[in-house]
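Have a look at the structure below before the remarks.
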Amino acid sequence: MKDLTPIPIKQKRKVFLTIKCRNMKNPKLQRSRLDQTLGSTSWMLQENLKPVINKDGTVTTTSIWGRVFGRRKTEMEINKLVDNLLKRATAYAEIDDYSATTEFETITSDADDFKLAPVLFSDD
């Protein structure tokens, strides 16, 4: 069972969200819409991995996003927010085949927060 208690006062939850979108027929438009939705809800793109072009011409992409949540949000609450966000974002982007995982890290200082650093691509 996941931890349901808030973390101590000086700490925050740093969350990494990895999203894999499979079999996209129009990946530029679909990923643009997905990225737009995530960005508008304070998620920051951390890395785009190299896309895979499938034999049928569809494309599979993987991206890693990050966000810091305050101490009062539990992992369960954050996962529920992420699930709802992904439902909205993938519906808007018309992405039917996707998977996502979250990783949590407890941080104690603002220095550990995400910064608006340049996005890393798999080719960098």
Side-chain angles (χ1 to χ4, degrees):
M1 180 93 189
K2 293 283 183 180
D3 176 23
L4 300 178
T5 59
I7 55 179
I9 291 175
K10 293 184 180 184
Q11 297 181 338
K12 299 178 187 176
R13 291 194 201 288
K14 190 176 200 178
V15 182
F16 290 95
L17 172 62
T18 302
I19 306 169
K20 185 172 190 173
C21 301
R22 293 179 284 280
N23 305 314
M24 293 184 292
K25 293 179 180 163
N26 190 352
K28 287 186 180 185
L29 176 63
Q30 289 174 289
R31 277 305 309 266
S32 173
R33 288 180 173 179
L34 179 78
D35 294 352
Q36 182 181 35
T37 305
L38 290 166
S40 70
T41 57
S42 301
W43 285 88
M44 290 180 260
L45 183 61
Q46 302 301 300
E47 184 176 5
N48 272 326
L49 302 180
K50 187 174 181 178
V52 175
I53 300 172
N54 304 311
K55 291 181 183 179
D56 63 357
T58 61
V59 176
T60 298
T61 63
T62 303
S63 57
I64 302 170
W65 293 80
R67 183 171 172 190
V68 175
F69 287 87
R71 65 181 178 83
R72 290 186 227 164
K73 290 283 187 209
T74 65
E75 288 183 19
M76 184 188 287
E77 291 171 319
I78 293 168
N79 279 325
K80 185 175 180 178
L81 289 170
V82 167
D83 288 343
N84 289 334
L85 171 62
L86 288 174
K87 286 177 188 174
R88 285 192 322 272
T90 55
Y92 174 60
E94 298 176 356
I95 297 171
D96 299 320
D97 188 2
Y98 71 95
S99 61
T101 58
T102 51
E103 293 179 42
F104 294 87
E105 184 180 312
T106 301
I107 59 174
T108 56
S109 71
D110 289 338
D112 293 330
D113 284 359
F114 291 105
K115 304 295 180 214
L116 293 174
V119 174
L120 298 176
F121 293 91
S122 61
D123 300 298
D124 290 345

* Asked: Leu29: what forms a side-chain contact (heavy atoms from CB on, under 4.5 Å) with it, not counting sequence neighbours?
  -> Asn26, Arg33
* Asked: Mind checking what makes side-chain contact (heavy atoms from CB on, under 4.5 Å) contact with Thr61, not counting sequence neighbours?
  -> Cys21, Met24, Arg31, Pro51, Val59
Could you tell me the separation between the [atom1] atom of [X] and the [atom2] atom of [Y], rounded to the nearest 0.5 Å?
| X | Y | atom1 | atom2 | value |
| --- | --- | --- | --- | --- |
| Leu34 | Tyr92 | CG | OH | 11.0 Å |
| Asn23 | Asp97 | CG | CG | 5.0 Å |
| Arg88 | Thr41 | CZ | OG1 | 7.0 Å |
| Leu45 | Asp35 | CG | CG | 6.0 Å |
| Ser63 | Ile19 | OG | CD1 | 5.0 Å |
| Leu17 | Phe104 | CG | CZ | 9.5 Å |

Decide yes or no for [X] and [Y]: does some side-chain heavy atom of the first lie under 4.5 Å from some side-chain heavy atom of the second?
| X | Y | answer |
| --- | --- | --- |
| Thr37 | Leu85 | yes |
| Val82 | Trp43 | yes |
| Phe16 | Glu105 | yes |
| Leu81 | Phe69 | yes |

Quick one: list whatever passes side-chain hydrogen bond (donor to acceptor under 3.5 Å, both in side chains) with [X], sequence neighbours left out.
| X | answer |
| --- | --- |
| Thr60 | Asn54 |
| Glu94 | none |
| Asp96 | none |
| Asp56 | Thr58 |

* Asked: Taking all non-hydrogen atoms of both residues, which atom of Ala93 and which atom of Gln30 are closest, and how far apart?
  -> O-CG, 3.1 Å
* To do: For residues Gln46 and Gly66, report the shortest heavy-atom separation together with the two atoms involved.
  => CG-N, 3.7 Å
* To do: Tell me yes or no: between the side chains of Thr74 and Arg13, is some donor less than 3.5 Å from an acceptor?
  => no
